[in-house]
Novice: 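Would you mind keeping the following structure in view while I ask a few things?
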Amino acid sequence: MLRSFSKKPMAIILTVLLLLCQTNPKAQHPYDAVVKESNGNQANHFAARLTRFDVKPDHQTAFRKVVSDYVSRSLHQESNVLSEAYYEQEHPSVLWIIERWNSKMDLEKAGKSASFKALESLAKTALSTQAKRIDIKDLEPISKQQWQSVVRKTDDPITIMLFVDAKAGTERDFKTVYHTAMPQFRSEPGVITYQLSQLETDSTQFVTYEKFRNEDAFQYHLKFPPIQPVIDYLNTSIKKQPFQTGLHRLIEFAPLIRE
């Protein structure tokens with residue numbers, strides 16, 4: 001009886017010690033507390049890529065045509081989530097393809113398509129510098145249906161991309177600020193799509209994709225109170241100031257789908 005009694009407290013002590021060994025002594029960052037929840041739906045983790053083209057002035061028309069053809073053909077693929085083409089409002093010679101596919105395999109397959117090969121062929125003579133591909137991963141991703149929200153006929157949409165190069169050690173703070181603001185941004189009446197993404201090659205670099213129904217909606221967003229913590233971060237915690245140098249105002253030229 002004495003031997004049986006002595007084993008029980010020993011088992012309890014061993015169990016407690018095991019639990020203590022498994023405990024992480026480091027305090028959890030606020031963003032870590034929500035990352036599992038925000039990334040819970042793996043089906044929404046699409047393969048995403050931005051591609052920038054700096055086009056020579058005398059090749060603008062021809063190059064936009066092959067880009068438009070690639071976008072159009074991509075949209076007919078079941079595995080495509082998003083395919084859009086833009087030129088920069090202040091620099092029309094700079095074109096962007098913004099695309100998302102169900103998987104990396106689908107994205108790479110699109111890059112081997114005849115329409116993309118035609119684009120690459122023309123790029124050899126049409127571009128002033130080599131095309132730049134930027135692979136990104138979406139934070140707090142949205143569904144395929146949300147990505148394919150159709151612009152209304154009465155809209156005059158504007159898309160904003162903001163590249164953010166965060167100071168090392170502050171990137172989690174940036175994600176935490178955005179985690180708080182994102183639901184409010186997405187619920188604004190003039191917002192069509194709002195997404196924050198992180199560059200796959202550098203965890204300190206981010207890009208936002210902000211699509212508004214018109215200029216008034218964008219101006220409303222800039223004065224929307226929940227944006228202030230984001231502005232405060234951008235004014236204090238990025239490598240290069242002012243943060244507006246990373247802002248790109250984009251005008252869509254393909255596919256221009258309206259409801």
Side-chain angles (χ1 to χ4, degrees), residues 44 46-138 141-153 155-161 163 192-195 197 200 207-213 248-259:
N44 290 349
F46 305 120
R49 176 176 290 168
L50 314 174
T51 307
R52 171 179 169 143
F53 306 94
D54 290 80
V55 186
K56 297 175 183 177
D58 55 341
H59 287 78
Q60 286 289 325
T61 301
F63 200 77
R64 288 192 191 188
K65 186 177 183 301
V66 295
V67 168
S68 296
D69 182 62
Y70 171 72
V71 166
S72 177
R73 293 179 183 276
S74 295
L75 291 172
H76 286 87
Q77 301 300 313
E78 187 177 348
S79 58
N80 181 260
V81 177
L82 176 79
S83 190
E84 297 176 333
Y86 294 88
Y87 64 86
E88 292 197 3
Q89 181 173 305
E90 296 184 4
H91 305 284
S93 63
V94 177
L95 308 186
W96 291 88
I97 293 178
I98 299 176
E99 55 188 324
R100 281 171 174 79
W101 296 79
N102 283 341
S103 68
K104 281 284 188 184
M105 183 180 298
D106 293 318
L107 175 59
E108 297 308 322
K109 184 178 178 181
K112 298 175 183 178
S113 65
S115 57
F116 194 80
K117 291 295 183 182
L119 189 159
E120 286 185 315
S121 178
L122 184 57
K124 294 175 182 178
T125 55
L127 302 187
S128 56
T129 59
Q130 187 175 1
K132 182 179 182 181
R133 295 181 181 180
I134 306 171
D135 289 326
I136 57 178
K137 55 183 178 181
D138 294 337
I142 58 178
S143 68
K144 183 173 183 176
Q145 183 179 10
Q146 288 171 305
W147 273 116
Q148 296 178 347
S149 298
V150 180
V151 176
R152 297 189 296 242
K153 290 181 179 179
D155 292 339
D156 185 17
I158 181 171
T159 299
I160 303 294
M161 278 200 312
F163 285 89
I192 299 173
T193 313
Y194 205 110
Q195 179 65 59
S197 305
E200 288 191 351
V207 60
T208 66
Y209 172 99
E210 311 166 29
K211 195 169 190 175
F212 301 91
R213 297 202 177 277
H248 301 256
R249 294 172 62 103
L250 306 178
I251 307 299
E252 184 180 354
F253 66 88
L256 287 177
I257 296 175
R258 301 289 183 265
E259 67 177 19

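Residue indices begin at 1 and follow the sequence shown. From a predicted model like this one, the values you see are computed outputs, not experimental measurements.
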Novice: Going by side-chain contact (heavy atoms from CB on, under 4.5 Å), name the residues that satisfy it together with Ser93, two or more places apart in sequence or in a different chain.
Specialist: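 Per chain and number, Ser93 pairs via side-chain contact (heavy atoms from CB on, under 4.5 Å) with Gln60.
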Novice: Could I get the full list of salt bridge (Lys or Arg N to Asp or Glu O under 4.0 Å) partners for Glu210, not counting sequence neighbours?
Specialist: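 With sequence neighbours excluded, Glu210 shows a salt bridge (Lys or Arg N to Asp or Glu O under 4.0 Å) to no residue whatsoever.
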Novice: Run the salt bridge (Lys or Arg N to Asp or Glu O under 4.0 Å) test against Glu108 and tell me which residues pass, sequence neighbours left out.
Specialist: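 Partners of Glu108 by the salt bridge (Lys or Arg N to Asp or Glu O under 4.0 Å) criterion, ordered by chain and then number, come out as Arg49.
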Novice: What pairs with Glu99 under salt bridge (Lys or Arg N to Asp or Glu O under 4.0 Å), at least two apart in sequence or on another chain?
Specialist: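 Glu99 satisfies salt bridge (Lys or Arg N to Asp or Glu O under 4.0 Å) with no other residue.
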Novice: What residues, two or more places apart in sequence or in another chain, satisfy salt bridge (Lys or Arg N to Asp or Glu O under 4.0 Å) together with Asp69?
Specialist: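 Counting only residues at least two positions away or on another chain, Asp69 forms a salt bridge (Lys or Arg N to Asp or Glu O under 4.0 Å) with Arg73.
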Novice: Not counting sequence neighbours, which residues clear ring pair (Phe, Tyr, Trp, His ring centres under 6.0 Å) with His59? List them please.
Specialist: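 For His59, no residue satisfies ring pair (Phe, Tyr, Trp, His ring centres under 6.0 Å) once neighbours in sequence are set aside.
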Novice: Holding to side-chain contact (heavy atoms from CB on, under 4.5 Å), I want the full list of residues that pass it with Val151, two or more places apart in sequence or in another chain.
Specialist: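 With sequence neighbours excluded, Val151 shows a side-chain contact (heavy atoms from CB on, under 4.5 Å) to Asp155, Pro157, Ile192, Lys211, Arg258, given in chain and number order.
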Novice: Can you sort out the partners of Ser68 under side-chain hydrogen bond (donor to acceptor under 3.5 Å, both in side chains), two or more places apart, ordered by chain and number?
Specialist: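 Ser68 satisfies side-chain hydrogen bond (donor to acceptor under 3.5 Å, both in side chains) with no other residue.
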Novice: For the residue pair Glu88 and Trp96, confirm or rule out a side-chain donor-acceptor distance under 3.5 Å.
Specialist: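 Distance-only check passes for Glu88 and Trp96.
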Novice: I'd like to know if the side chain of Ser121 reaches the main chain of Ala118, judged simply by a donor and an acceptor atom lying under 3.5 Å from each other, with no hydrogens or angles considered.
Specialist: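 No, because the side chain of Ser121 does not come within donor-acceptor range (under 3.5 Å) of the backbone of Ala118.
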Novice: Let me see the working for Ile134 and Val207 under side-chain contact (heavy atoms from CB on, under 4.5 Å), right down to the final yes or no.
Specialist: CA-CA 10 Å; Ile134 306 171; Val207 60; over 6 Å; no
Novice: What residues, two or more places apart in sequence or in another chain, satisfy side-chain contact (heavy atoms from CB on, under 4.5 Å) together with Lys109?
Specialist: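 By the side-chain contact (heavy atoms from CB on, under 4.5 Å) rule, Lys109 matches no residue at all.
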Novice: Tell me whether Gln148 contacts the main-chain N or O of Leu82 through its side chain, where contact means a donor paired with an acceptor under 3.5 Å.
Specialist: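 Answer holds: no.
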Novice: Could I get the full list of side-chain hydrogen bond (donor to acceptor under 3.5 Å, both in side chains) partners for Glu120, not counting sequence neighbours?
Specialist: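 Glu120 satisfies side-chain hydrogen bond (donor to acceptor under 3.5 Å, both in side chains) with Arg133 once adjacent residues are dropped.
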Novice: Looking at Lys132 and Asp54, would you say the former's side chain and the latter's main chain have a donor-acceptor pair under 3.5 Å?
Specialist: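 No; judged by distance alone, with no hydrogens or angles, the pair does not exist.
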Novice: Holding to side-chain hydrogen bond (donor to acceptor under 3.5 Å, both in side chains), I want the full list of residues that pass it with Gln77, two or more places apart in sequence or in another chain.
Specialist: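 Gln77 satisfies side-chain hydrogen bond (donor to acceptor under 3.5 Å, both in side chains) with no other residue.
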Novice: Sequence neighbours excluded, which residues qualify as ring pair (Phe, Tyr, Trp, His ring centres under 6.0 Å) partners of Phe116?
Specialist: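 Counting only residues at least two positions away or on another chain, Phe116 forms a ring pair (Phe, Tyr, Trp, His ring centres under 6.0 Å) with Tyr70.
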